[in-house]
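Please read these numbers as outputs of a predicted model, since none were measured by experiment. So that the names make sense, note that chain A is the first sequence line, chain B the second, and so on, each numbered from 1.
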2 protein chains.
Amino acid sequence: MSQPGLRERKKQRTRLALVDAALGLFAAQGYEATTVDQIAAAADVSPRTFFRYFATKEDVALSLPVDGHEVMLRELAARPAGEAPFTALGHAMRAVVAELREGEPTDVARFLRARELIEVTPALFAGNVRRMMENERRLIAEVARREGVSPDDHLPHFVVALFTTVARVGLEHCTARSADDLGALTERLEQMLALAERSLRPGWDRPSRQAPSRGPAGQFIEGSSGQVAT
Amino acid sequence: MSQPGLRERKKQRTRLALVDAALGLFAAQGYEATTVDQIAAAADVSPRTFFRYFATKEDVALSLPVDGHEVMLRELAARPAGEAPFTALGHAMRAVVAELREGEPTDVARFLRARELIEVTPALFAGNVRRMMENERRLIAEVARREGVSPDDHLPHFVVALFTTVARVGLEHCTARSADDLGALTERLEQMLALAERSLRPGWDRPSRQAPSRGPAGQFIEGSSGQVAT
DNA sequence: TGTCATGTGTCAGTCCCTGCCATAAATTAC
DNA sequence: GTAATTTATGGCAGGGACTGACACATGACA
């Protein structure tokens with residue numbers, strides 16, 4: 001049951017204590033109004049120790065979403081090889097939400113509190129976007145690998161950037177209405193995903209073997225062959 | 001010739017001096033390795049004065065792109081009313097580049113130096129994205145106004161977010177290859193814009209008068225009427 | 001039990017950024 | 001042209017984020 005030693009469990013506990021203390025203080029008095037000294041005091045550790053767990057004050061608030069990014073990447077790698085990139089990204093994201101939902105309800109609550117806070121605090125919002133974009137590079141690499149194209153190719157960049165944008169807008173909208181449960185969150189996400197799917201041409205996210213050199217004519221050719229029976 | 005008084009001109013000069021000093025030092029020794037004291041000394045002002053011109057160290061590096069955002073919004077508002085949102089955004093961006101190109105060559109050089117720096121420095125990159133997303137809200141409001149829909153509507157959010165994503169990816173790609181002149185920059189931008197246009201269904205960025213309630217069937221109906229002759 | 005590795009606390013210090021007050025300069029009024 | 005008013009600047013003190021160095025304490029392991 002307890003593979004890790006006492007030492008490791010203790011570390012996990014103080015880490016969680018710091019996150020909870022921080023989230024509580026941030027919610028109570030705002031992000032920039034609370035000092036790391038306060039967080040450390042609330043978690044019963046020295047301020048110096050705080051920085052041994054989190055590099056910056058931002059990190060303690062963003063650690064949960066960042067964990068989500070890791071899961072996202074892992075799930076993407078687990079998608080079947082034949083799946084179209086955008087579809088695979090969508091399913092990977094659904095898997096992330098599903099994994100969270102299957103965890104402890106206290107974890108879900110913590111996650112939603114963090115999301116709410118990030119959405120409300122500009123500094124945290126920016127920090128989150130930054131990490132999302134660092135993750136973007138890894139997602140691009142994975143998509144490029146799946147599609148067998150160069151990581152420098154435009155298409156994976158475009159596909160991944162578009163996907164993260166859709167996800168971001170979905171999350172934003174979600175908090176605007178209600179962030180009390182994961183249900184509303186997933187619903188919004190599905191809505192945005194559907195909107196994207198509706199707006200894009202079939203086969204847009206795969207390299208067209210017969211690249212149309214240019215011109216408005218010839219567009220109807222794309223996606224007409226090979227994609228039907230995946 | 002000189003409408004503003006001596007006072008105002010002096011302010012503009014020290015502001016520019018600060019930007020140039022900062023850009024020079026950042027390029028020479030890196031962003032986080034240079035202190036605002038150094039920048040202030042290089043511009044012959046006190047550190048305290050620096051913060052009277054720029055709220056943060058970030059701001060001095062991001063001031064030029066932020067000015068661009070202002071121009072972008074202005075140009076968007078000047079686009080003809082009938083134009084489709086995504087098209088209007090594209091033309092507005094072209095106008096921004098054009099305005100820059102018509103200015104002094106020294107301004108262009110400064111701008112490109114700032115862009116290069118932002119691309120290379122994660123902290124600045126994140127800060128820039130943050131401002132872009134603050135600007136997004138204003139762009140959304142303008143697009144919503146143009147289309148006569150609520151600012152809370154999904155579509156303007158989606159359209160603007162997608163556009164800024166395309167622009168961002170275009171700029172990223174640009175610096176990856178060459179950022180020495182505006183030509184390469186605009187070319188990349190056009191490339192990405194074209195890719196987006198190719199990937200999206202005609203009429204995707206306008207509210208469909210006959211909203212399909214739901215269901216996978218019925219998708220083929222969209223865009224089949226009215227949009228051909230824009 | 002004793003040795004080793006590792007997490008923690010204390011301290012000093014740097015840098016970013018801010019409020020406050022005095023001074024110097026430019027603008028305006030007379 | 002001088003006086004009064006506005007406004008930019010500099011200096012100073014201080015708070016908060018973060019870091020390196022050292023000493024101490026606590027789990028891990030033989």
Starting from [atom2] on [N], measure out to [atom1] on [X] and report it in whole angstrom.
{"X": "R15(A)", "N": "dT6(C)", "atom1": "CZ", "atom2": "P", "answer": "19 Å"}
{"X": "L124(B)", "N": "dC16(C)", "atom1": "CG", "atom2": "P", "answer": "13 Å"}
{"X": "R13(B)", "N": "dA8(D)", "atom1": "CZ", "atom2": "P", "answer": "15 Å"}
{"X": "Y31(B)", "N": "dC15(C)", "atom1": "OH", "atom2": "P", "answer": "14 Å"}
{"X": "K11(A)", "N": "dT6(C)", "atom1": "NZ", "atom2": "P", "answer": "10 Å"}
{"X": "R48(A)", "N": "dG20(D)", "atom1": "CZ", "atom2": "C1'", "answer": "7 Å"}
{"X": "D59(B)", "N": "dC17(C)", "atom1": "CG", "atom2": "P", "answer": "8 Å"}
{"X": "E58(B)", "N": "dC16(C)", "atom1": "CD", "atom2": "C1'", "answer": "12 Å"}

So, OP1 or OP2 of [N]: does either fall under 4.0 Å of a side-chain N or O from [X]?
{"X": "K10(B)", "N": "dA26(C)", "result": "yes"}
{"X": "Y53(A)", "N": "dT8(C)", "result": "yes"}
{"X": "K57(A)", "N": "dG16(D)", "result": "no"}
{"X": "T49(A)", "N": "dT8(C)", "result": "no"}

*Let me know which of L162(B), T164(B), V169(B) forms a side chain to side chain contact (heavy atoms under 4.5 Å, CB included) with V166(B).*
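The residue from L162(B), T164(B), V169(B) that satisfies side chain to side chain contact (heavy atoms under 4.5 Å, CB included) with V166(B) turns out to be L162(B).
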Compile the donor-acceptor pairs under 3.5 Å between side chains in residues 120-128 of chain B and protein atoms, sequence neighbours left out, one pair per line.
from    : atom 1 : to      : atom 2 : distance (Å)
T121(B) : OG1    : L117(B) : O      : 3.0

_Can you tell me if R74(B) has over 12 outside heavy atoms packed within less than 6.0 Å of its CZ?_
yes
*For R52(A) and for E32(A), locate the closest nucleotide of DNA chain D by heavy-atom distance; then report the residue assigned to the nucleotide nearer the 5' terminus.*
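By nearest-heavy-atom nucleotide position, the 5'-most residue is E32(A).
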*Confirm from the modelled atom types if R9(A) and dG27(D) form a donor-acceptor pair under 3.5 Å, side chain to base only.*
no
*Record whether the side chain of R7(A) comes under 3.5 Å of the base of dT6(C) through a donor-acceptor pair of N or O atoms.*
yes
*Closest approach of P85(B) to V143(B) (non-hydrogen atoms, all atoms of both residues)*: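 Minimum heavy-atom separation between P85(B) and V143(B): CB-CG1, 3.9 Å.
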*Would you call E136(B)-R168(A) a salt bridge at under 4.0 Å N-O?*
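So E136(B) pairs with R168(A) through a salt bridge.
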